[in-house]
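Here, residue 1 is the first one in the sequence, and each next residue gets the next number. Side-chain atoms are counted along with the backbone in the values below, which use heavy atoms only and exclude waters and symmetry mates. Both ligands and their constituent atoms are indexed starting at 1 by order of listing.
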Amino acid sequence: APRVVIIGAGIVGANLADELAIRGWTNTTVIEQGPLHLAGGSTSHAPGLVFQTNPSKAMTEFAGYTVAKLLSLVKDGTSCFNQVGGLEVATTPERLAELHRRHGFATAWGLEGRLLDPAQCKEMYPLLAQEEVLGGFFVPSDGLALAARAVQLLIERSTAAGVTYLGDTTVTGIEQEGGKVTGVRIGERIVEADIVVSCAGFWGPAIGDMIGLKVPLLPLGHQYVTTDALPEQAGRNELPNGASLPILRHQDKDLYYREHGDRIGIGSYAHRPMPVALDSLERVPSDQMSEHNMPSRLDFTEEDFLPVWEDSKKLLPGLEGRTFEDGFNGIFSFTPDGGSLVGQAPQLDGFFVAEAIWVTHSAGIAKAVAELLVDGQSTTPLHDCDLSRFEAVQTTREYVEETSAQNFVEIYDIRHPLEPRTSPRDLRSAPFRRRQDELGAFYLESAAWERPHWFEANRHLLDDMPSEWAGPERDEWSNKFHSPISAAEAWKTRTAVAMYDMTPLKRLEVSGPGALALLQKLSTGNIAKKPGAVTYCLLLNADGGIRSDVTIARLGEDRFQLGVNGNIDLDYFTVEARRQGAADPAAWAHVADITGATCCIGLWGPLAREVMAKVSRDDFSNETLKYFRSNEVVIGGVPVTAMRLSYVGELGWELYTSAEHGQKLWDVLFEAGREEGIIAAGRGAFNSLRLEKGYRLWGTDVTPEHHPFESGLGFSIAKDKTGFVGAEAVDVLRNKPSERALRCLTINDGTSMVLGKEPVYIDGTACGYVTSAAYGYTVRTPLAYAWLPAGTVEGDVVEIEYFGQRIPATVAADPLFDPKMERLRG
Ligand code: FAD
């Protein structure tokens, strides 16, 4: 087995060493700056509440594994998990609705839970003031992780398997050679390694600095107190930390509770963010480390707690007359989007990070990282926590500090899936932003881009629009961040012509003598076509899971332009190009992110050619520029790369030019299209049109846990192609019946909306979940894509659960709109 060094023996590092040992990798050294019996990181004082429900399927699975593993970690007849159940209560109608939604997530991901009325909440948790509570959501398999004890048992077990632990030892540097990690430095000494994994928790940025890696997390203080003994709790639990009541969340007041014997522990997120500068933390000598004195534990600031002490007494009246003791401000990691940070540093082969991970997800993520190292990929996909998911502008200190602190404040807030942050904004704008502003664009934010969702300037179109194009009245939730104007924009796209800002779609240029070989190896497409060819294909993992979908345009012999899904793809191509160049210097390839230097307008609709004829001398006919071909053209005097593609399923082109020409290109097209009724259209219409056309969205409809055939993407594997990553798996999967399939559903009543991530029932049993949903303006029905058992066929009736309501839907043809592609090839 390779030599592995793990930095940090908290719940993550100890689990990772154990998971590697389980897979036969025991040549591992875990290095911990604190004493091994009480390292002094976040794990050393975590109260260990494990609420598994999460909007992310992967995070729910990671939590589920943590529960199962800690239950199985037994010594002296006691496991490391106290499965008391988890109760979230609502004290507002909005929260009650949100609990229905959370019940939906849990069900969608296969986690059992149930909704309770106030009396049932009281019965389950007698300390509650029933009159304060409107209802609850209970997950019986939630509970308390005994995190510090688990670390000790994992150290014991992995040591027995051959893992070496070095306590009281601080890593001071990372050694590397030729772009590969070779070891870690401990003062004067070097521990050699083929792989280094930083599990340093909130110290992660300091380790990252050692190799020039920005680790986008912010250490923040979080208050936790324990009350004095409650008389009515006397004799209930073992002292000092026993518990038998469910763990409890009171999200309306940013609070959570657990028992410690006859006392109650209270955690609060209701206070001001308390960022911690790593270099301000005092070193605690090993012999002085204790539960009350450790680097991750700051002095209590009582004034921050007093307001929620009052809130707590309201919810749990037994606290009246009690006091709180032993309060502290404990430090742990927050990130810009609240997710964990896992993956390889793009600049250094063999250096990995597994940080900003809750106790809740620790064993699950550790298992996934062990699989990533040993097998090359994890069974539960890690893309939700991929270290590479952030754009450069999202890793600046300014961004990380502001957004991570915001995440602390909003941790329990009810957030709509489309809800944008209010600050920082305007970090990335298309070069025709001024024109979009003039047209009254309503922007939502994605990857720090401002993306128009609709244009107020199009509101007047609603007067002329035939009534059959209008969508239904929406419920309050699905109506958020939605405008009826999207209907008019969809109408115009299908009947006239529209301009879409496609600038935020990430673009890479791959060039050099090794470019073709690199793309042939990493993708499922046949890229070795003549310049001008455009190929839609997949990037697979070795097991055939879809790691991304891309379009690759061959612009020259050694020059390719790629449309990719995000920064994860950029880092993947960069690392693989570096490896290829190291193995064979003649086969070098250069990967450049050209997104910001360029821009893109999607000009789509049946009248697109008429518009183009007025502004370009180039030939845009079917003969010259076929579907899935590209050409260098001039539009209004501006050099443009035109690609005959359309994500909305209409005739037209993606028009790429450098950023400096963006506004000119916009103006030329907009002016030329007046007679044809050209409009600017936004993402609201776009999402509807792409779903009608059945185009999958990677990360939402398909993820690395899905393979091409069950995803309806088998067509994107080039015939007879061999030797690409995933090729062997594809050969096996091609002939292996899958248990599930991505299906298109239409809503039977023609009006009810869903949004995605809802559970789907067949004959009363939950057996799938919705990925994307939209109102299909052209097909005149709400529609959804969902993962369902493979046996479901067109015409089958299912039910989608939305805020507790069961909505009947029918498995429909896929795609619903223009299956023969006549409009695209028009
Ligand atoms: P840590 O436990 O901090 O381990 C990192 C280790 O790396 C440390 O031991 C540190 O000494 C070591 N290290 C750092 N730098 C170096 C170096 N240069 N050389 C050698 N060693 C180094 N999570 C939940 O899931 N549920 C909860 O209820 C919960 N409650 C919490 C309550 C509080 C008050 C706090 C503060 C956190 C809570 N958390 C909870 C979060 C949870 O504690 C952390 O997310 C988790 O413990 C992080 O584990 P870790 O192994 O990544 O980090």
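Ion pairing between a basic and an acidic side chain is recognised when a charged N comes within 4.0 Å of a carboxylate O; Arg23 and Glu19 show such pairing. The existence of a salt bridge linking Arg263 and Asp326 is excluded, since no basic side-chain nitrogen approaches an acidic carboxylate oxygen closer than 4.0 Å. Look at Arg101 and Glu98 and you find a salt bridge, because one of the NZ, NE, NH1 or NH2 atoms lies within 4.0 Å of a carboxylate O, short of that distance. A salt bridge does not link Arg421 with Asp413: none of the charged nitrogens is closer than 4.0 Å to a carboxylate oxygen.
Taking the six-membered ring where tryptophan is involved, the planes of Phe305 and Phe324 are perpendicular, since the angle between them exceeds 60° and thus also 30°. Aromatic ring orientation, His271 versus Phe408: tilted (interplanar angle from 30° to 60°). Between Trp109 and Phe105, the ring planes are parallel. Angles under 30° get that label, and only those over 60° would be called perpendicular.
Which parts of ligand 1 touch Ala200 is read off a 4.0 Å heavy-atom cut-off, strictly below it: atoms 5 (C), 7 (O), 14 (C), 15 (N). The ligand atoms of ligand 1 that sit less than 4.0 angstrom from a heavy atom of Ile331 are 36 (C). Remark: ligand 1 atoms within the under-4.0 Å shell around heavy atoms of Gly330 are 36 (C). Near Val12, meaning under 4.0 Å from any of its heavy atoms, are these atoms of ligand 1: 50 (P), 51 (O), 52 (O). For ligand 1 and Gly10, the ligand atoms under 4.0 Å from any heavy atom of the residue are 2 (O), 4 (O), 51 (O).
Distances between N or O atoms of His222 and those of ligand 1 include no value under 3.5 Å. Polar contact check, Met210 against ligand 1: no nitrogen or oxygen pair lies under 3.5 Å apart. Not a single N or O atom of Ser44, backbone or side chain, sits closer than 3.5 Å to an N or O atom of ligand 1. Polar contact with ligand 1: absent for His45 (N/O pair, distance under 3.5 Å). The N/O atoms of Ile207, backbone and side chain alike, include none that comes under 3.5 Å of an N/O atom in ligand 1. Considering backbone and side-chain N/O of Ala9, none are found under 3.5 Å from N/O of ligand 1. Between Tyr224 and ligand 1, no pair of N/O atoms sits closer than 3.5 Å. Considering both main-chain and side-chain atoms, Val50 never comes within under 3.5 Å of ligand 1 through any nitrogen or oxygen pair.
Protein heavy atom in closest approach to atom 8 (C) of ligand 1: Glu32 OE1, 3.5 Å. Nearest non-hydrogen protein atom to atom 41 (C) of ligand 1 is Phe332 CD1, 3.4 Å. Protein heavy atom at the shortest distance from atom 42 (C) of ligand 1 is Val359 CG2, 3.8 Å. Counting protein heavy atoms only, atom 29 (C) of ligand 1 is closest to Pro47 CD, 4.2 Å. Atom 7 (O) of ligand 1 has its closest protein heavy atom at Gly8 CA, 3.3 Å. Here the heavy atom of the protein found nearest to atom 28 (O) of ligand 1 is Leu49 N, 2.9 Å. Ranking the protein heavy atoms by distance from atom 3 (O) of ligand 1 puts Ser42 N, 2.9 Å first. Of all protein heavy atoms, the one closest to atom 43 (O) of ligand 1 is Ala46 CB, 3.3 Å.
Residue Trp358 touches ligand 1 through backbone and side chain together, judged by heavy-atom distances below 4.0 Å. The part of Tyr256 lying near ligand 1 is the side chain, judged by heavy-atom distances below 4.0 Å. Contact annotation for Ala354 and ligand 1: no heavy atom of the residue comes within less than 4.0 Å of the ligand.
Between the side chains of Thr301 and Gln223, at least one donor-acceptor pair of N or O atoms lies under 3.5 Å. Checking Ser141 against Glu112 by side-chain atom types alone, no donor-acceptor pair falls below 3.5 Å. For the residue pair Glu177/Thr182, the side-chain donor-acceptor check at 3.5 Å is not satisfied. Between the side chains of Asn567 and Ser388, no donor N or O sits under 3.5 Å from an acceptor N or O. Side chains of Arg283 and Thr170: a donor on one and an acceptor on the other come within 3.5 Å.
Contact annotation: Cys199 has at least one heavy atom less than 4.0 Å from an atom of ligand 1. The shortest separation from a heavy atom of Gly48 to ligand 1 is under 4.0 Å, placing the residue in contact.
For Tyr125, the ring pair (Phe, Tyr, Trp, His ring centres under 6.0 Å) test picks out no residue, with sequence neighbours left out.
If you check each of Ile31, Thr43, Ile357 against atom 47 (O) of ligand 1, the one with the closest non-hydrogen atom is Thr43.
Val276 pairs with exactly one of Leu218, Leu281, Leu220 by the side chain to side chain contact (heavy atoms under 4.5 Å, CB included) rule, that one being Leu281.
Within the structure, the ring pair (Phe, Tyr, Trp, His ring centres under 6.0 Å) test picks out the following pairs touching residues 31-50 (sequence neighbours left out): His45-Phe328.
Tyr412 does not carry Arg249 over the face of its six-membered ring by the limits of under 6.0 Å from the centre and within 45° of the normal.
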